[in-house]
Novice: 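Dumping the structure here so I can ask a few things about it.
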Amino acid sequence: KIPRNAKTFALEVRGESMIGAGILDRDVVILEHSEPRNRDIVAALIDGEVTLKRYLVEEGIPFLRAENPLYPDLIPARELLIQGVFRALIRTHLPR
């Protein structure tokens, strides 16, 4: 259900920080270049590192949160650049 004119790209997920959202290691996520809304899952560049996390804004301050309690919230020290907003998931393997 992604519009044909959408600017999309795909990334392979590495790690287990988003397992609570059903996104597993080695899944492929489809992302769209667009402005994130509060609680969207996004691919982001935060202080020089690329990550896939939930985008949150509290008291006007944006930060990123994993969907796995073993990972800390990520609060940008210098930069937070949203590269894409999650739109679809492709599971290319069976979960371990």
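Please read all numbers here as calculations on a predicted model, not as lab measurements. Hydrogens, waters and symmetry mates play no part in the numbers below; they use all other heavy atoms, side chains included.
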Novice: Show me, pair by pair, the donor-acceptor contacts under 3.5 angstrom made by side chains of residues 76-84, not counting sequence neighbours?
Specialist:
residue, atom, partner, partner atom, Å
E79, OE2, G48, N, 3.1

Novice: Would a 4.5 Å heavy-atom cut-off, applied to side chains only, mark M18 and N68 as touching?
Specialist: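 A side-chain contact under 4.5 Å is absent here.
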Novice: Just wondering, do V13 and L52 contact through their side chains at under 4.5 Å, heavy atoms?
Specialist: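 SC-SC contact between L52 and V13 confirmed.
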Novice: How close do Y71 and S17 get, counting heavy atoms only, and between which atoms?
Specialist: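 Distance-wise, the nearest heavy atoms are CE1-CA, 3.7 Å.
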Novice: Can you list every salt bridge (Lys or Arg N to Asp or Glu O under 4.0 Å) pair that touches residues 44-64, not counting sequence neighbours?
Specialist: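 Listed by first then second residue: R54-E67.
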Novice: Is it possible for you to say whether Y55 and V85 belong to one hydrophobic cluster, with membership spreading through side-chain heavy-atom contacts below 4.5 Å?
Specialist: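 Linked, Y55 and V85 end up in one cluster.
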Novice: Would V57 and I75 show up in the same hydrophobic cluster when neighbours are defined by side-chain heavy atoms closer than 4.5 Å?
Specialist: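 Different clusters: V57 never reaches I75 through Ile, Leu, Val, Met, Phe, Trp or Tyr contacts under 4.5 Å.
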Novice: Taking the side chain as every heavy atom from C-beta outward, state whether L89 and I30 have any atom pair closer than 4.5 Å.
Specialist: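 No, their side chains stay 4.5 Å or more apart.
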Novice: Which residues pass the salt bridge (Lys or Arg N to Asp or Glu O under 4.0 Å) test with D73, sequence neighbours left out?
Specialist: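 With sequence neighbours excluded, D73 shows a salt bridge (Lys or Arg N to Asp or Glu O under 4.0 Å) to R65, given in chain and number order.
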Novice: Contact between L11 and V28 at the side-chain level, heavy atoms closer than 4.5 Å - yes or no?
Specialist: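 No, side chains not in contact.
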Novice: Could you pull out all residues at least two apart from I61 that satisfy side-chain contact (heavy atoms from CB on, under 4.5 Å)?
Specialist: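 Applying side-chain contact (heavy atoms from CB on, under 4.5 Å) to I61 gives none.
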Novice: How close do I41 and A21 get, heavy atom to heavy atom, and via which atoms?
Specialist: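 Scanning both residues, the minimum pair turns out to be CD1-CB, 3.9 Å.
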Novice: Could you measure the distance from the CZ atom of R26 to the OG1 atom of T92? Nearest 0.5 Å is fine.
Specialist: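 Output value for this atom pair is 6.5 Å.
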Novice: Using salt bridge (Lys or Arg N to Asp or Glu O under 4.0 Å) as the criterion, list what pairs up with D40, not counting sequence neighbours.
Specialist: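 Checked D40 against salt bridge (Lys or Arg N to Asp or Glu O under 4.0 Å); zero matches.
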Novice: Indicate if L31 and L56 have the same hydrophobic cluster label, given that clusters are the connected sets of ILVMFWY residues with side-chain heavy-atom separations under 4.5 angstrom.
Specialist: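 No; L56 is not reachable from L31 via cluster members.
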Novice: Does the side chain of T51 reach to within under 4.5 Å of the side chain of L64, using non-hydrogen atoms?
Specialist: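 Yes; the side chains approach each other to less than 4.5 Å.
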Novice: How far apart are the C-alpha atoms of S34 and K7, what are their side-chain angles, what is the distance that settles it, and do they pass the side-chain contact (heavy atoms from CB on, under 4.5 Å) test?
Specialist: CA-CA 8 Å; S34 66; K7 295 180 181 177; over 6 Å; no
Novice: Go through the structure and list residues passing ring pair (Phe, Tyr, Trp, His ring centres under 6.0 Å) with F9, not counting sequence neighbours.
Specialist: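 With sequence neighbours excluded, F9 shows a ring pair (Phe, Tyr, Trp, His ring centres under 6.0 Å) to H33, given in chain and number order.
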Novice: Is there a side-chain contact between I19 and L24 in this structure, where contact means two heavy atoms from C-beta onward sitting under 4.5 Å apart?
Specialist: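 Side-chain contact under 4.5 Å: yes.
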